[in-house]
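Just so you know, ligand 1 is whichever comes first in the structure, and atom 1 is the first atom listed for that ligand. Just so it is clear, the structure is predicted and the values come from calculations on it, not from any experiment.
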Amino acid sequence: MPLEILRRTRGRMTAELARVPGGFGLGAVPRRLAPAGTANLVCGFCATGCSLRAHLQDGVAVNLSPDPDYPVNLGMACPKGWEALAPLQASDRATRPMVRGPGGSLEPVGWGKAAQRFVDRFRQILAEHGPESVAFLSSGQICTEEMALLGALFKFGMGGIHGDSNTRQCMATAHVAYKESFGFDAPPYTYADFEASDVLVFVGSNPCLAHPIMWQRVLRNPNRPTILVLDPRRTETAAAATQHLALRPKSDLSLLYGIAHLLLHHGWIDTDFIRQHTSGFDAFSDFVGCFTPDYVSAQTGLGVGEIIRAATAIGRGKAVSFWWTMGVNQGHEAVRTAQAIINLALMTGNIGRPGTGANSITGQCNAMGSRLYSNTTSLLGGRTFTDPEHRAEVAGILDVPLDSIPSSSSKAYDQILDDAASGRIKALWIIATNTAQSWIDSQRFQEAARRLEFLVVQDMYVSTATTDHAHLILPAAGWGEKDGTFINSERRIGVVRKVAQAPGEALSDFAIFRLLGEAWGCGDWFQRWTSPAATFRLLQELSRGRPCDITGIQNYAHLAEEGGIQWPWTSADAQPAEPEAQPDDLSPHPPRQPRSQPAPERRLFADGRFFTPDERARFIHEIPRRAPETTDSEFPFVLLTGRGSSAQWHTNTRTGKSEILRQLYPANAYVELHPNDARSLRVLNGSTVVIASRRGTLHAKALVSASVQPGQVFVPMHYPGVNDLTFPAFDPYSRQPSYKFCAVRIDPLPDAVDKR
Ligand SMILES: Nc1nc2c(c(=O)[nH]1)N[C@H]1C(S)=C(S)[C@@H](COP(=O)(O)OP(=O)(O)OC[C@H]3O[C@@H](n4cnc5c(=O)[nH]c(N)nc54)[C@H](O)[C@@H]3O)O[C@H]1N2
Ligand SMILES: Nc1nc2c(c(=O)[nH]1)N[C@H]1C(S)=C(S)[C@@H](COP(=O)(O)OP(=O)(O)OC[C@H]3O[C@@H](n4cnc5c(=O)[nH]c(N)nc54)[C@H](O)[C@@H]3O)O[C@H]1N2
Ligand code: SF4
Ligand SMILES: [Mo]
């Protein structure tokens with residue numbers, strides 16, 4: 001889409017949305033300023049992006065409560081939000097840089113020495129082995145300004161090419177699916193859509209537990225909505241649903257095509273929308289012809305009646321919203337599955353209106369920031385490294401030499417670790433992610449760690465599974481100890497700020513990157529990146545004319561006042577045209593219009609124009625494939641993994657530090673096992689079992705429960721060792737790991753066998 005059109009469309013669209021009466025649930029929201037003695041900041045765990053109010057004493061937070069005025073959480077928070085200060089106080093905080101000595105022990109050093117070591121080792125390896133011999137892995141859990149500085153420093157300043165982030169584990173599928181279908185990675189929704197739907201469809205998503213405040217928004221829906229949940233497990237969300245479709249793991253693609261088949265068959269489609277705003281529909285409708293209810297029933301294990309009931313609810317719904325999370329993104333055919341969801345929204349015209357959308361729910365607090373600005377997979381601003389025009393734009397805006405910008409894309413996370421394991425990559429810098437525990441292929445990480453000549457780990461703690469392998473540990477300030485912004489799941493940019501002092505010599509990631517840039521000798525390149533706020537200005541410039549244009553935001557204070565601002569918010573949106581001079585207005589300088597205010601909740605595609613060159617959304621489809629690993633008599637169970645409680649966050653380095661949160665979840669790993677399977681294995685509830693896959697073993701307590709189906713087991717991801725079991729399969733387009741399907745065996749420990 002030419003940029004001019006894009007700008008005009010955005011301007012018109014947001015103006016139109018601002019006028020939509022009702023339906024948005026929240027109406028005009030007053031300006032939000034924190035009362036004296038408090039400071040509001042967006043939560044640093046999940047991508048819901050709740051605002052928390054820090055209560056300050058002498059400028060330091062002593063307590064937190066949810067912000068009552070923020071349009072996201074409306075005064076609510078989950079246990080992690082309430083306890084967000086506790087992880088900052090932990091005794092294992094990294095307080096000084098540490099260097100591993102020849103004997104293997106870690107020695108504290110000053111920042112000067114640490115920076116010198118970093119520069120010497122990286123420079124030496126680059127000089128000897130070239131730009132492909134170094135890489136970084138970063139995170140969707142640091143501020144946008146920080147990840148942009150890191151990506152620019154490493155790739156433009158230091159001359160590296162390969163850098164990826166844990167967003168690969170999480171959102172890469174949604175990113176690719178949206179890009180291919182809509183022309184840009186653009187989650188279209190706003191949380192008011194939870195409240196405005198009459199049908200909500202959750203696919204591979206457990207918001208009751210993983211996004212509890214989004215679920216609260218669902219509970220505010222006044223339409224007594226029909227809720228469909230597609231999940232092999234009877235999760236908390238499934239239990240609350242109108243209909244739970246307990247499909248076979250990784251059979252979603254067939255089910256979604258089967259639903260499309262029925263929608264077509266019954267004429268429950270929006271032919272006007274399809275004709276005017278999409279491409280590829282004819283091929284798609286031919287393709288789904290063979291996905292008959294009988295065929296889909298055989299593939300998914302669902303009854304024909306169940307499939308027809310679900311399709312009927314979707315077909316008859318007036319405002320249907322589709323929501324997906326990791327049950328979709330983490331799969332061997334994940335991108336096509338996400339696009340099968342997008343196809344359902346497109347064919348029924350459920351997009352761009354209140355209560356609709358094909359809506360990927362984001363995981364980490366700033367995974368959306370990393371998709372746009374981390375300079376890993378995409379060039380800054382959602383651009384493409386291989387596009388010479390894009391490289392020229394970025395070089396111009398940042399005032400860096402054009403040839404400093406790599407003209408090829410980075411290797412993906414799995415490829416970086418493969419290269420490290422084979423010795424091709426010799427230096428790796430890991431920032432704010434706990435690869436040793438969270439990566440799908442623990443063995444591969446171990447091989448890489450053994451082979452790496454220089455592993456730098458930059459973390460809040462010294463005691464993570466990954467710092468164990470580090471040659472250099474850089475101590476980082478955490479959330480609450482630094483300033484910056486996050487972008488939440490509904491594209492809302494929110495402010496985080498310093499309300500606590502980082503311990504010892506720990507520095508914000510931003511300050512660490514600046515320091516290393518200086519030590520590298522490329523500090524001059526980053527002269528304008530003086531602070532997070534100054535960097536935000538650069539990000540705005542990088543967004544200009546892009547679908548994610550945020551040039552209409554004034555500054556951090558403006559973001560705070562408005563309760564966060566969703567992208568896009570262009571300078572044209574913010575500055576309405578001067579009113580036409582009235583004939584009787586003789587003043588040579590009519591008073592300027594006040595800047596227009598963004599509506600508190602805005603969605604994309606109200607005008608049916610997408611970001612593809614022809615402005616049409618694309619129907620994309622592919623024949624379903626079997627999951628790469630299969631069960632057999634030796635490994636007869638399918639292992640599912642995911643979130644276990646609202647009080648645990650990932651590898652638990654942070655949530656494990658709160659005494660209150662620790663009381664809300666089981667201390668040791670457990671495995672959910674169906675009562676029939678427990679009986680035939682003679683396993684008692686609460687006894688210890690050994691879970692074995694073709695790659696490793698894990699001891700866990702049996703939780704005998706019909707929440708899982710016979711032949712399936714579930715282990716939460718929060719305990720060490722889970723990824724010793726998982727099978728490293730990847731979606732071919734997004735290279736996101738398929739964490740939710742591998743074959744395992746369950747053996748009771750000999751003394752735990754039920755002898756009855
Ligand atoms: N408390 C808490 N909240 C979190 C997080 C956390 O660690 N703790 N992490 C955050 C992050 S980064 C993310 S990405 C999100 C994840 O949020 P969710 O994706 O909602 O959580 P998961 O439990 O990983 O997976 C969701 C569901 O997918 C189901 N599933 C497994 N296989 C399949 C399948 O083949 N098909 C279908 N349809 N479903 C399947 C699982 O049974 C599970 O219930 O949560 C965010 N919120
Ligand atoms: N089996 C299985 N594995 C999974 C998943 C699954 O469903 N099943 N889900 C995957 C998903 S969706 C995700 S997102 C990943 C998450 O995987 P990780 O990113 O590895 O998980 P975290 O525990 O959040 O690790 C973040 C690290 O950053 C540190 N940290 C926190 N804040 C800061 C900061 O401000 N600065 C610095 N420098 N460090 C900081 C923390 O101490 C911690 O060590 O796990 C993936 N792994
Ligand atoms: S729902 Fe997410 S953003 Fe909100 S308080 Fe909980 S962890 Fe924080
Ligand atoms: Mo995630």
Side-chain angles (χ1 to χ4, degrees), residues 44-48 78-80 87 94 138-143 146 165-171 202-212 229-238 245 247-252 255 324-331 337 361-365 367 430-440 457-461 463-467 474-482 506 508-509 512 627 638-655 665 707-708 712 714-718 722-723 725-726 736-741:
F45 289 105
C46 89
T48 306
C78 84
K80 295 183 298 303
S138 91
S139 181
Q141 294 177 56
I142 57 176
C143 301
E146 298 179 320
S165 92
N166 62 5
T167 303
R168 181 75 60 181
Q169 290 158 289
C170 185
M171 302 313 298
F202 289 94
V203 190
S205 186
N206 188 9
C208 278
L209 187 155
H211 296 94
V229 171
L230 279 60
D231 195 314
R233 291 194 303 138
R234 192 165 174 79
T235 60
E236 298 75 0
T237 312
L245 292 114
L247 75 176
R248 248 176 227 141
K250 298 288 156 268
S251 66
D252 301 65
L255 176 59
W324 83 82
T325 320
M326 290 311 117
V328 172
N329 281 359
Q330 298 170 340
T337 306
I361 297 177
T362 308
Q364 306 167 82
C365 51
I430 297 183
I431 304 103
T433 186
N434 193 1
T435 308
Q437 188 172 331
S438 63
W439 183 246
I440 192 160
V457 179
Q458 184 167 323
D459 204 285
M460 291 169 64
Y461 303 102
S463 58
T464 75
T466 311
T467 52
L474 301 177
W479 170 91
E481 297 169 341
K482 56 186 180 180
S508 70
D509 293 294
I512 297 174
V638 172
L639 170 67
L640 307 171
T641 65
R643 276 71 197 159
S645 76
S646 68
Q648 285 161 295
W649 180 257
H650 297 160
T651 68
N652 220 19
T653 64
R654 287 198 275 165
T655 38
Y665 63 82
S707 57
V708 285
Q712 297 168 23
F714 173 79
V715 181
M717 65 171 293
H718 312 294
V722 175
N723 284 316
L725 302 171
T726 47
Q736 181 161 343
S738 177
Y739 283 109
K740 291 177 168 28
F741 195 105

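Counting heavy atoms under 4.0 Å from ligand 2, residue Asp459 touches it through both backbone and side chain. Counting heavy atoms under 4.0 Å from ligand 2, residue Asp509 touches it through the side chain alone. The proximity of Asn434 to ligand 2, defined as any non-hydrogen pair under 4.0 Å, involves the side chain as well as the backbone. With a 4.0 Å heavy-atom cut-off, ligand 2 is reached by the side chain of Ala476 but not by its N, CA, C or O. Under 4.0 angstrom from ligand 2, the non-hydrogen atoms of Thr433 come from both its backbone and its side chain.
Proximity of a side-chain donor or acceptor of Lys80 to a complementary backbone N or O of Gln648 within less than 3.5 Å is not detected. Looking only at distances, a side-chain donor or acceptor of Tyr739 sits under 3.5 Å from a matching main-chain atom of Ser438. Listed for the Gln736 side chain is a donor-acceptor partner under 3.5 Å among the backbone atoms of Cys170.
Residues Met171 and Met326 meet the side-chain proximity criterion, which asks for heavy atoms closer than 4.5 Å.
Set against the non-hydrogen atoms of Thr464, the atoms of ligand 2 under 4.0 Å away are 44 (O). Proximity to Val722 (heavy-atom distance under 4.0 Å) selects the following atoms of ligand 2: 1 (N). Interface atoms of ligand 2 facing Ile142, defined by a heavy-atom separation under 4.0 Å, are 34 (C), 35 (O), 36 (N). Atoms of ligand 2 lying under 4.0 Å from any heavy atom of Lys482, numbered from 1 in the order shown and given with element: 34 (C), 35 (O), 36 (N). The atoms of ligand 2 that sit less than 4.0 Å from any heavy atom of Asn723 are 1 (N), 2 (C), 3 (N). Using a 4.0 Å cut-off to heavy atoms of Ala477, the atoms of ligand 2 that qualify are 34 (C), 35 (O), 36 (N). Proximity to Tyr461 (heavy-atom distance under 4.0 Å) selects the following atoms of ligand 2: 42 (O).
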#### Entry: side-chain contact (heavy atoms from CB on, under 4.5 Å) between Leu725 and Leu639, intermediate numbers included
CA-CA 9 Å; Leu725 302 171; Leu639 170 67; 4.0 Å; yes
### Task
Please lay out, stage by stage, how His718 and Tyr665 fare under the test side-chain contact (heavy atoms from CB on, under 4.5 Å).
CA-CA 10 Å; His718 312 294; Tyr665 63 82; over 6 Å; no
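Side-chain contact annotation: Thr651 with Thr653, donor-acceptor N/O pair under 3.5 Å absent. Defined by atom type and a distance below 3.5 Å, a donor-acceptor pair is missing between the side-chain atoms of Asn723 and Trp439.
When the salt bridge (Lys or Arg N to Asp or Glu O under 4.0 Å) test is applied to Lys740, no partner is found at least two apart in sequence or on another chain. With sequence neighbours excluded, the residues satisfying salt bridge (Lys or Arg N to Asp or Glu O under 4.0 Å) with Arg233 are Glu672. For the side chain to side chain donor-acceptor pair (under 3.5 Å) test, residues two or more places apart in sequence or in another chain that qualify with Thr467 are Thr464.
For the side-chain hydrogen bond (donor to acceptor under 3.5 Å, both in side chains) with His650, the qualifying choice from Gln437, Arg643, Gln169 is Arg643, the only one to do so.
The protein residues lying under 4.0 angstrom from ligand 1, judged by non-hydrogen atoms, are Cys46, Lys80, Cys170, Gly204, Ser205, Asn206, Leu209, Ala210, His211, Leu230, Asp231, Pro232, Arg233, Thr235, Leu247, Pro249, Lys250, Asp252, Thr325, Met326, Gly327, Gly363, Gln364, Leu640, Gly642, Arg643, Ser645, Ser646, Gln648, Trp649, His650, His718, Lys740.
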